[in-house]
Amino acid sequence: MFGSRDKSSTRAFTDTSSGKQIDTIIADQCTLEGDLTTKNSIKVDGRIQGTLRAEGRAIIGETGSVKGDVHAADLLVLGRLEGNVHAQRLHLQASAQIHGNIEAETLQVDPGARYQGSVTMRDGGTPPVLPFNPSTDQSTPKTPKD
C-alpha cells in the first residue's frame, strides 16, 4: 500500500539512438517556464521557456521546443530551438530547426536540418568564450599597442 514501492514497476526510459537511460522527461503536454539545470540526461518532448543546462545528454524531441539558451555536454535536436547552443557534441537530425548561434566542439548536421545563425567550432581544450557585459565587467578594455 502506501510507502511500499515495487522496484520492478519503476520505468526506465531509454534513448533509442544511443541505448542510454534518460533520467528526466518533459512530456509533450508539459510546459516549463524558467531555467532548468540537471546533472544527468534529459529529453524534452514538451516546451521549455528558459535556459536549459545539462551536464549529461540533452535531447529535444520532435515535438519538443526550447525558447532559451541550451548548455549541454551532448545535445541531440529533433525539434525546435530558439536560442544559442553551447555544447561539446551537437547532432541536428533532419527535423531539427535552430534559430540562434551554435558553439560546439563537434557538429553533425543531417540533410533536412535547418539552422539560422553563426557556427563557432571550439577546440577540445578551449573553454567557451563569455561575452563582455559592460554592466557587470568593470575592467578597462585593452587596446593593442602599435
Side-chain angles (χ1 to χ4, degrees), residues 1-139 141:
M1 183 130 153
F2 298 107
S4 67
R5 177 180 284 214
D6 179 11
K7 300 281 187 212
S8 64
S9 69
T10 12
R11 288 178 52 182
F13 297 98
T14 304
D15 173 13
T16 55
S17 64
S18 71
K20 295 180 182 176
Q21 183 176 339
I22 299 169
D23 299 303
T24 304
I25 294 183
I26 306 296
D28 60 355
Q29 299 299 314
C30 184
T31 299
L32 176 72
E33 294 182 15
D35 298 344
L36 177 62
T37 302
T38 180
K39 290 185 182 252
N40 297 316
S41 60
I42 184 168
K43 183 174 184 194
V44 179
D45 287 328
R47 286 157 297 290
I48 294 178
Q49 202 162 7
T51 300
L52 172 61
R53 294 179 191 276
E55 289 183 26
R57 182 174 182 123
I59 302 168
I60 300 174
E62 282 192 66
T63 60
S65 171
V66 175
K67 274 191 173 182
D69 293 349
V70 176
H71 302 260
D74 188 10
L75 178 60
L76 171 63
V77 181
L78 295 95
R80 184 172 179 84
L81 170 60
E82 294 181 41
N84 298 321
V85 174
H86 305 274
Q88 290 176 335
R89 292 170 303 281
L90 174 61
H91 182 178
L92 306 180
Q93 288 200 345
S95 56
Q97 296 180 35
I98 292 184
H99 291 72
N101 298 325
I102 295 171
E103 182 180 300
E105 289 178 24
T106 63
L107 173 62
Q108 179 180 346
V109 181
D110 291 353
R114 298 181 164 283
Y115 63 87
Q116 183 175 354
S118 67
V119 175
T120 302
M121 300 298 293
R122 286 194 328 250
D123 289 334
T126 307
V129 177
L130 300 175
F132 173 73
N133 185 345
S135 64
T136 60
D137 190 346
Q138 300 301 317
S139 62

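We count residues from 1, following the sequence as given. None of these values were measured; they are calculated from a predicted model.
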Closest contact, heavy atoms only, Asn40 versus Asp23
CB-OD2, 2.7 Å
Interatomic distance, CG@Leu36 vs CD1@Ile26, rounded to 0.5 Å, equals 5.5 Å
Under a 3.5 Å cutoff, is there a donor and acceptor pairing between the side chains of His91 and Asp110?
yes
What heavy-atom pair brings Gln29 and Arg47 nearest, and what distance separates the two atoms?
C-NH2, 4.1 Å
Evaluate the side-chain proximity of Ile42 to Ile22: yes if any heavy-atom separation is below 4.5 Å, no if none is.
no
Indicate the atoms forming the closest heavy-atom contact of Gly56 with Ala72, along with that distance.
O-CB, 4.3 Å
Pick from Leu90, Val109, Asn101, Leu107: which one makes a side-chain contact (heavy atoms from CB on, under 4.5 Å) with Val119?
Leu107
Does any N or O in the side chain of Asp28 come within less than 3.5 Å of the main-chain N or O of Asp45, such that one atom is a donor and the other an acceptor?
no
For Gln97 and Arg80, the nearest pair of non-hydrogen atoms, with its separation, is OE1-NH1, 2.8 Å
Nearest heavy-atom pair of Leu78 and Gln93: which atoms, and what distance?
CD2-OE1, 3.0 Å
Do the side chains of Arg122 and Glu103 get close enough for a salt bridge, i.e. N-O under 4.0 angstrom?
yes
Value for NZ (Lys39) from CZ (Arg53), rounded to nearest 0.5 Å, stands at 13.0 Å
Interatomic distance, Asp35 atom CG to Asp69 atom CG [nearest 0.5 angstrom]:
9.5 Å
Minimum-distance pair of heavy atoms, taken over all atoms of Lys43 and Gly61:
CE-CA, 4.2 Å
Quick one: CD on Gln49 to CD on Glu33, what's the gap to the nearest 0.5 Å?
5.0 Å
Asn84 side chain vs Gly100 backbone, donor-acceptor pair below 3.5 Å
no
What's the separation between atom CD1 in Ile98 and atom CD1 in Ile60, rounded to the nearest 0.5 Å?
7.0 Å
Rounded distance [0.5 Å steps], CZ in Arg89 versus CG in Leu76
12.0 Å
